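Just so it is clear, the structure is predicted and the values come from calculations on it, not from any experiment.
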Amino acid sequence: MTKLLSMNRRNFLQASAAGALAGAMPGLIGSPAAAQTALTVGFIYVGPKDDYGYNQAHAEGAAVIKALPGVTLVEEENVPETVDVQKTMESMINLDGATLLFPTSFGYFDPHMLAMAAKHPDIQFRHCGGLWQEGKNPANTGSYFGYIFQGQYLNGIAAGHATKSKKIGFVAAKPIPQVLQNINAFLLGARTVDPGITCQVIFTGEWSLAVKEAEATNALVDQGADVITCHVDSPKVVVETAAGRGAFVCGYHANQSPLAPEKYLTGAEWAWGNVYSDFVKKAQAGEKLGNFVRGGLKGGFVKMSALGPAVSAEGRKAFETTQAEMMKGGFSVFKGPLKDNKGDTVVAADKSYAEDAIELESMNYLVEGVVGSTA
């Protein structure tokens, strides 16, 4: 018994059939009645929980719900976006009795989470990102995400006040809509300070490639960028490399100010503790969980790192004024007239998008002034 409980989750199902274990250890399987007050929640991370980035932000949120009454938390880190994550989910359900699972990485959704949701219709699965579709995906699945491009817009304002070269840089993983939103918002925020600012973007091709992230950061600095931000799983390499080259940095996912205290301007952070607490409390009360959950600064999904010592008084005023407007709700980061970097109009002069505009979920362009390609 002890040996089984201490096994790696991904090896568990190879050693014992899930059904046989459930029969031998019924106490590990949660009952619908017990779920009203007691709840076992599973979190799965694609990288380490202390990565100063994506995984750490989710782990910090998980730590918040761990302190809630009646909650048992089970976690596994460094789970690749392969069939391994299905094995982890299976063992969390059958070994730990988890009835609410958060597979947090983008690549966990299809086919892995969808396969497990079909196999376990009584288990709730919620995925971080924008991939869930009503009428297509199972009712026991859903997605949650935040309008963190608002944070990148504020990063851009800080960057616009700090840049001397009028060139800012962005290290990005993949050209998916959420990443493109962040790149575009970063430049648009900077251009409220100076319309002549441009942004160079380099895509690494993967969420976590430390060597390529360092190479991309150095290349951006070599090309004159003096403020750098990113959208990769762990900004640690980008932040340390940029600061080491004398560039200012804006953070992402979590607070990276300890890595570059003098060069860190601010950062767009997740506030997942609020989001996860809401899911958990609803599950404990037997209420229906949302299938498509979104929010921004006002909704408490996103927060900003404290402004660093390098932010000027003028920059601080512009940052705080815009942040206050965002907190009222309905703030438009993307408004016309707006062209993409190929010269085509993407937002008409009389059109603007509030933060919750569904059209932003499918953004496939880079705005005018971004030097780089989505190909």
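Placement of Leu209 and Ile202 in two distinct hydrophobic clusters is found when ILVMFWY residues are connected by side-chain heavy-atom separations under 4.5 Å, directly or transitively.
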- Task: Show your reasoning for whether salt bridge (charged side-chain N to carboxylate O under 4.0 Å, His left out) applies to Glu355 and Arg294.
- Result: CA-CA 10 Å; Glu355 67 265 23; Arg294 298 292 187 274; over 6 Å; no

- Message: Pair Lys212, Glu206 - check salt bridge (charged side-chain N to carboxylate O under 4.0 Å, His left out), show working.
- Response: CA-CA 9 Å; Lys212 285 193 175 182; Glu206 293 293 342; over 6 Å; no

- What do the steps show when you test Asp110 against Leu131 for side chain to side chain contact (heavy atoms under 4.5 Å, CB included), and what is the final call? CA-CA 9 Å; Asp110 189 1; Leu131 298 177; 5.7 Å; no

- Message: One pair to check against side-chain hydrogen bond (donor to acceptor under 3.5 Å, both in side chains): Thr163 and Asp226. What are the steps and the verdict?
- Response: CA-CA 6 Å; Thr163 182; Asp226 56 0; 2.6 Å; yes

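Evaluated for a side-chain hydrogen bond (donor to acceptor under 3.5 Å, both in side chains) with Lys49, the options Glu60, Gln56, Glu75 yield exactly one hit, Glu75. Checked against Trp270 for a ring pair (Phe, Tyr, Trp, His ring centres under 6.0 Å), the options Phe145, Phe301, Tyr54 give a single hit: Phe145.
A donor and an acceptor atom, one from each side chain of Thr229 and Tyr252, are nowhere located under 3.5 Å apart. Looking at Tyr276 and His58, their side chains do bring a donor and an acceptor atom within 3.5 Å of each other. Residues Glu213 and Thr204 have side chains that never bring a donor and an acceptor to within less than 3.5 angstrom of each other. Between the side chains of Asn218 and Glu215, no donor N or O sits under 3.5 Å from an acceptor N or O. Using modelled atom types and a 3.5 Å distance limit, the side chains of Gln86 and Glu90 yield no donor-acceptor pair. Counted by atom type alone, His127 and Trp132 present zero donor-acceptor pairs between their side chains at under 3.5 Å. For Glu76 and Tyr45, the side-chain atoms include no donor-acceptor pair closer than 3.5 Å.
Side chain of Thr321 to main chain of Ala318: no donor-acceptor pair is present (N/O by atom type, distance under 3.5 Å, no hydrogens or angles). The main-chain N or O of Val46 is found under 3.5 Å from a side-chain atom of Tyr108 such that the two form a donor-acceptor pair. Formation of a donor-acceptor pair under 3.5 Å by the Arg191 side chain with backbone atoms of Ile157 is not found in this model.
Glu314 has no carboxylate O lying under 4.0 Å from a charged side-chain N of Lys317, or vice versa, which leaves the two without a salt bridge.
Ring orientation note: the planes of Trp207 and Phe106 are tilted relative to one another, at an angle of 30° to 60°.
Scanning both residues, Ala260 and Val249, for their nearest heavy atoms gives CB-CG2, 4.3 Å.
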